Amino acid sequence: MTKRKRSPRRPTAAGVIGCVVCGAVLAGASYLIEARGGIGFVPSWEQLAAWLGVPVGGPDAADLAEGDATVTFFDVGQGDSVLVASGADTCLIDAGTPDAADSLVAMLYAAGVTELDTMVMTHPHADHLGGMARVLQSIEVETLVTPPLSEDERASAQVAEVLGWADTTGTAVVTAADEMTIAVGDGTLTVLMAGLPEADDVNNESLCLRYSLGDFAFLDTGDAEADAEEALAARCGFGLRCTLFKAGHHGSSTSNSETLLSLARPEVAVVSCGLDNDYGHPHAEVLDRFAAYGVEVLRTDEQGSVTIAAEADGSWRWLGDEADQAAPAA
């Protein structure tokens, strides 16, 4: 018996109208998110990703609850962005590149960070402040700390955008000064040096910061180069001693000097750099220097975002994959 072929089902008018309406709704929602995402009741793409549990890299809220404090080095490519969290307090030091702005906000949301007590700009270079305007648009920031900025630096497009969004969102803007302190949970973030006086290089305007909690300390010198490191060493001496060190200037040989490392003596250093970056960061000379001091090295270009859980007794642990921890980068 031959089966009769069925004629293809023609769409009904109601079906066509339904598809058109659904398409219009989705297009409208997409436009609204693009135009107003993260403002008021309108979610951003990053918020939607976090709500839907889409993996974005970086820690989750449970990770940030580990230890007495955590220090997270977000994978923002060839840039810097470090989150210090302790208790309910959070401080974001730098915000990566403009290209990584959306992924940084997504990682903050995935970590449960919807408010920041403090955001710090170490110096006005795009690979450090590039995502700050996006963070200010998406996350409530109580205080923005900047280095001393010249009038020309304030007028530059990216800095002006950041300061403009701080004004729009009601974020207080504070200029850092030597020995300024910021409470972060049970620990204290101290501005050891607010840039090299009369620096002729923007990198040497970097805020040099030390977060201490009991016997644990984290040192972040931004992109400060050898001249600024020498001045910092003369100012602080063994006050630079730390457990954790963010490799200066993405692991460049123009930073991470013998003078600095001989005083800081970190147990672990994290290099924040982009995969196969054009600068060759981290430089072999610096990795050799770390090895000579017995410093364990982790890298965002190899491990992705790195979270260190710290205890007040000075102990620490990397919250990475067990497979990675079995053979960390050297």
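None of the values given here were measured: they were computed from a predicted structure.
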If we ignore hydrogens and angles and just use 3.5 Å, is the side chain of [X] paired with the main-chain N or O of [Y] as donor and acceptor?
| X | Y | answer |
| --- | --- | --- |
| D167 | G164 | no |
| R154 | A160 | no |
| H283 | S253 | yes |
| T90 | E115 | yes |
| S272 | H250 | no |
| R265 | Y293 | no |
| Y109 | S138 | yes |
| K246 | T221 | no |
| E230 | A226 | no |

Under 4.5 Å between side-chain heavy atoms, counting indirect links through other Ile/Leu/Val/Met/Phe/Trp/Tyr residues: same cluster for [X] and [Y] or not?
| X | Y | result |
| --- | --- | --- |
| V202 | L129 | no |
| V76 | Y279 | no |
| V173 | L136 | yes |
| L196 | L240 | no |
| V174 | V184 | yes |

To the closest 0.5 Å, what do you measure between [atom1] ([X]) and [atom2] ([Y])?
| X | Y | atom1 | atom2 | result |
| --- | --- | --- | --- | --- |
| F216 | I308 | CZ | CD1 | 7.5 Å |
| E198 | N204 | CD | CG | 12.5 Å |
| D68 | E311 | CG | CD | 4.5 Å |
| L149 | T175 | CG | OG1 | 6.5 Å |
| D200 | D227 | CG | CG | 7.5 Å |
| R299 | D75 | CZ | CG | 12.0 Å |

Can you tell me if CG on D178 sees more than 12 non-hydrogen neighbours from other groups inside 6.0 Å? yes
Is atom CG of D288 surrounded by more than 12 heavy atoms (other residues, nucleotides or ligands) closer than 6.0 Å?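 Counting neighbours around CG of D288, more than 12 heavy atoms of other residues, nucleotides or ligands fall under 6.0 Å, so yes.
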S315 and D313: CA distance, side-chain angles, deciding distance, side-chain hydrogen bond (donor to acceptor under 3.5 Å, both in side chains) verdict: CA-CA 6 Å; S315 61; D313 64 7; 2.6 Å; yes
Can you find a pair of side-chain heavy atoms, one from [X] and one from [Y], that are under 4.5 Å apart?
| X | Y | value |
| --- | --- | --- |
| D102 | R134 | yes |
| L219 | P266 | no |
| L298 | W318 | yes |
| F218 | V82 | yes |
| D94 | M132 | yes |
| L319 | P59 | no |
| M121 | H128 | no |
| T259 | E229 | no |

[X] and [Y]: which non-hydrogen atoms are nearest, and at how many Å?
| X | Y | result |
| --- | --- | --- |
| A224 | S255 | O-OG, 2.8 Å |
| S86 | L213 | OG-CD1, 3.8 Å |
| P124 | E205 | CD-OE1, 4.0 Å |
| N256 | G248 | OD1-N, 2.8 Å |
| T300 | F74 | CG2-O, 4.2 Å |
| L207 | P148 | CD2-CD, 4.4 Å |

Is there a side-chain contact (heavy atoms from CB on, under 4.5 Å) between L64 and L83 once you walk through the steps? CA-CA 10 Å; L64 295 192; L83 178 71; 4.0 Å; yes
Would you please say whether a donor-acceptor pair under 3.5 Å links the side chains of [X] and [Y]?
| X | Y | result |
| --- | --- | --- |
| H125 | D223 | no |
| Q78 | D127 | no |
| T188 | T190 | no |

side-chain hydrogen bond (donor to acceptor under 3.5 Å, both in side chains), that's the test. Do S252 and T254 meet it? Break it down for me. CA-CA 5 Å; S252 172; T254 61; 2.8 Å; yes
D89, I139, T143, L144 screened by side chain to side chain contact (heavy atoms under 4.5 Å, CB included) with L116, the one that passes: I139
Taken in chain and number order and not counting sequence neighbours, the residues that satisfy side chain to side chain donor-acceptor pair (under 3.5 Å) with T171 are T169
Partners passing side chain to side chain donor-acceptor pair (under 3.5 Å) against S81 (at least two apart in sequence or in another chain): none
Apply side-chain contact (heavy atoms from CB on, under 4.5 Å) to the pair V135 and W165, showing each step before the final yes or no. CA-CA 9 Å; V135 170; W165 274 105; over 6 Å; no
What verdict does the side-chain contact (heavy atoms from CB on, under 4.5 Å) test give for T122 and D80, after you've listed the backbone C-alpha separation in whole Å, the side-chain angles of each residue and the deciding distance to 0.1 Å? CA-CA 10 Å; T122 60; D80 274 5; over 6 Å; no
Determine, stepwise, if the pair E142 / D117 fulfils side-chain contact (heavy atoms from CB on, under 4.5 Å). CA-CA 5 Å; E142 184 175 336; D117 297 286; 3.9 Å; yes
